[in-house]
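Here's the structure, in structure tokens; my notes come after.
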Amino acid sequence: MKTMEPLSEELKDNQYYVSLLNALIEENDMELKHRLQKADTYARFINEQAGLLMDETIDHIEKNEVAFPIASSLVIQQWKERMFR
């Protein structure tokens with residue numbers, strides 16, 4: 001098995017996914033964003049989802065020995081399908 005390269009600081013703190021998820025939600029479901037903002041839980045939701053996506057991406061990299069962009073793209077696509085059916 002290949003050894004994973006160390007994650008950049010942006011990836012370690014999930015900022016890559018935080019920005020991406022925010023954009024995807026704005027693009028696909030502004031009502032969801034508004035509901036979560038009204039309940040004051042939007043930032044927590046985004047951060048939790050970003051953490052889950054990072055964990056899934058790392059698992060996919062380890063199991064399939066693929067590069068981050070490939071694993072990330074697959075994980076994001078699966079997330080979008082779950083969230084915006």
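On a predicted model such as this, the values are computed, not experimentally measured, just so you know. Because only heavy atoms are used, hydrogens play no part in the values below, and waters and symmetry mates are left out as well, while side chains stay in.
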Next on the checklist: With a 4.5 Å cut-off on side-chain heavy atoms, are D29 and K33 touching?
Outcome noted: no
Checklist outcome for this item: Those residues at least two apart in sequence (or on a different chain) that pass side chain to side chain donor-acceptor pair (under 3.5 Å) with E56 are none
Item to check | Residues in side chain to side chain donor-acceptor pair (under 3.5 Å) contact with N64, at least two apart in sequence or another chain | outcome: H60
Checklist outcome for this item: What one should report as the nearest heavy-atom pair of T57 and S72 is CG2-N, 3.8 Å
Item to check | Euclidean distance, L21 CG relative to I25 CD1, rounded to 0.5 Å | outcome: 6.0 Å
Next on the checklist: Ring-plane angle category for Y16 and F68, please: parallel below 30°, perpendicular beyond 60°, tilted otherwise.
Outcome noted: perpendicular
Could you tabulate the donor-acceptor pairs under 3.5 Å formed by side-chain atoms of residues 38-53, not counting sequence neighbours?
from, atom 1, to, atom 2, distance (Å)
T41, OG1, L36, O, 3.3
Y42, OH, N22, OD1, 2.4
N47, ND2, A43, O, 2.9
Q49, OE1, W79, NE1, 2.7

Checklist entry - Between I61 and I76, is there a shared hydrophobic cluster once you connect ILVMFWY residues whose side-chain heavy atoms come closer than 4.5 Å? => result yes
Item to check | Within-4.5 Å side-chain heavy-atom neighbours: M83 and L32 | outcome: yes
Next on the checklist: Count I, L, V, M, F, W, Y as connected when their side-chain heavy atoms are under 4.5 Å apart, and connections chain through other members. Are L24 and V75 then in the same cluster?
Outcome noted: yes
Next on the checklist: For Q77, I'd like to know if atom CD has over 12 heavy atoms of other residues, nucleotides or ligands within 6.0 Å.
Outcome noted: yes
